[in-house]
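Notes follow once the structure below has been shown.
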Amino acid sequence: MNQKSSILKALKWIVFNYVFLGILIVIGLVIAISPGLLGDVIPRHGTVGKWLAARNQMEVVDNQGTSMTVPDYVERIVTLGENTVDIVESAGGDYYIVASDGSSYASSVKINGRVEQTVDSIKSYDPQVVVASDTVPPSFVASLRSAGIPVFVYTKKDSLDGIIKTAQSMAKLFHEKDRSSAFSGYTRMVKKYVEPHQNDKKPVIALYNSNHGVYRSGIVRDMIETVHGIDGAGNLVILESGKDPNMLSDVWWYRDHKTTVDMTKSMGTKADLIRINPDVIFVPTRYLDKLPEYKQDVEAIMKDPDLQNITAVKKGYVYPIHEMSLMSYSTKTFSAMEQMAKWLYGPSTYEGIVKYNGI
């Protein structure tokens, strides 16, 4: 009898151990595939989710209409072209491993390696996809595809709306359904600062750096108009080809005739700035990595004897704005626009702007 009782007790412990082990395995699986457990047929988050998704593939189409096959869970990316890392972050790919060219970026995405623009260098990172701007030579894109590397080519659009659309199209790589929320927070803050001043007279605004000139692009115009300003450089038009080469050409011509952004082709001169006579000057400067020297870019304007009759200089309405954010064509551009609104309707300070962008 005692022997039978001992056997039953032993069996109970064995069953209990297996049941307990089974419960632990189920809990582990739930944790591993969360938060993709609900909603997706094959979850793409967590250890098990990534493992399952990596064994599936999907078809995506880039901005040039080229179809390609990539893993269902894209993890290893090589980016080519200026600002591409920033744009990938806006598309929802900031948590993936990114290997990049030598460009600097406004985003905080960790760069795990730097590649040369050669097929062998890029292949050494074993990328699941290369994300490239349409400024990358088509012949090189063709060479990468011939080597069996999928290349997603995107077009850098010259407008705030274009930035969002580019992020939306690229988000297909990362199974991000809607990227508008990544931009909406900045837009709400801009609206918060601007709304109380909707009935105020609009200030004429120019973006100018004494080393580069007057900044010109559709994005710049969109930013200025969104913060309830007038793009002072927008109405300066070449009268006839060949006449007055120092005169700016209208930004809408560039937006209509150029497939990509090339702001340097439409930079204005100091003479253009004087003709504009803006009420406010924003100075694109890389102040985050030039502290405390970034103030020199502002002082170069404030102390320039040729600019003393400009309204913005006389009133002291000359403010820095982070150049890398402005030129990133990503969520960082919207962040720069929010800072413009803070300078206009703030209050904001030199110390505040540095702290704001350093968070």
* Asked: So does Lys315 pair up with Asp279, basic N to acidic O under 4.0 Å?
  -> no

* Can Asp297 and Thr285 be counted as having a side-chain donor-acceptor contact under 3.5 angstrom? -> yes

* Describe, in one word, how the ring planes of Tyr319 and Trp343 are oriented to each other, choosing from parallel (under 30°), tilted (30 to 60°) and perpendicular (over 60°). => parallel

* Nearest non-hydrogen partners of Tyr329 and Lys156, listed with the distance -> CD1-CD, 3.4 Å

* Under the ring pair (Phe, Tyr, Trp, His ring centres under 6.0 Å) test, residues paired with His212 that sit two or more places apart -> none

* Structure fact -> Result for side-chain contact (heavy atoms from CB on, under 4.5 Å) between Tyr125 and one of Val115, Val130, Asn112, Ile77 points to Val115

* Candidate list Thr269, Val318, Ile310, Val214, test side-chain contact (heavy atoms from CB on, under 4.5 Å), partner Tyr208, passing option -> Val214

* Asked: So, does Thr166 use its side chain to make a donor-acceptor pair with the main chain of Thr155 at under 3.5 Å?
  -> yes

* Quick one: CD on Glu323 to CZ on Phe282, what's the gap to the nearest 0.5 Å? -> 15.5 Å

* Could you tell me whether a side-chain N or O of His197 sits under 3.5 Å from a main-chain N or O of Lys202, the two making a donor and an acceptor? => no

* For Asn277 and Thr311, test the side chains for any donor-to-acceptor distance below 3.5 angstrom and give the result as yes or no. => yes

* Asked: Do side-chain atoms of Arg216 reach the backbone of Ala233 as a donor and acceptor pair under 3.5 angstrom?
  -> yes

* Asked: Do Thr84 and Tyr154 get their side chains close enough for a donor-acceptor pair, meaning under 3.5 Å?
  -> yes

* Asked: Under 3.5 Å, is there a donor-acceptor pair between the side chain of Gln308 and the main chain of Met302?
  -> yes

* Does the distance from a Lys or Arg side-chain N to an Asp or Glu carboxylate O, for Lys123 and Asp120, drop under 4.0 Å? -> no

* Structure fact -> OG (Ser169) and NZ (Lys157) are apart, to the nearest 0.5 Å, by 9.0 Å

* **Interatomic spacing from OG in Ser184 to CE in Met189 - rounded to 0.5 Å** => 12.5 Å

* Verify, without hydrogens or angle tests, whether Arg145 (side chain) and Pro150 (backbone) share a donor-acceptor contact under 3.5 angstrom. => no

* Structure fact -> Sorted by chain and residue number, the side-chain hydrogen bond (donor to acceptor under 3.5 Å, both in side chains) partners of Ser139 (sequence neighbours excluded) come out as none

* Asked: Looking just at side-chain N and O atoms, do Glu59 and Thr69 make a donor-acceptor pair shorter than 3.5 Å?
  -> yes

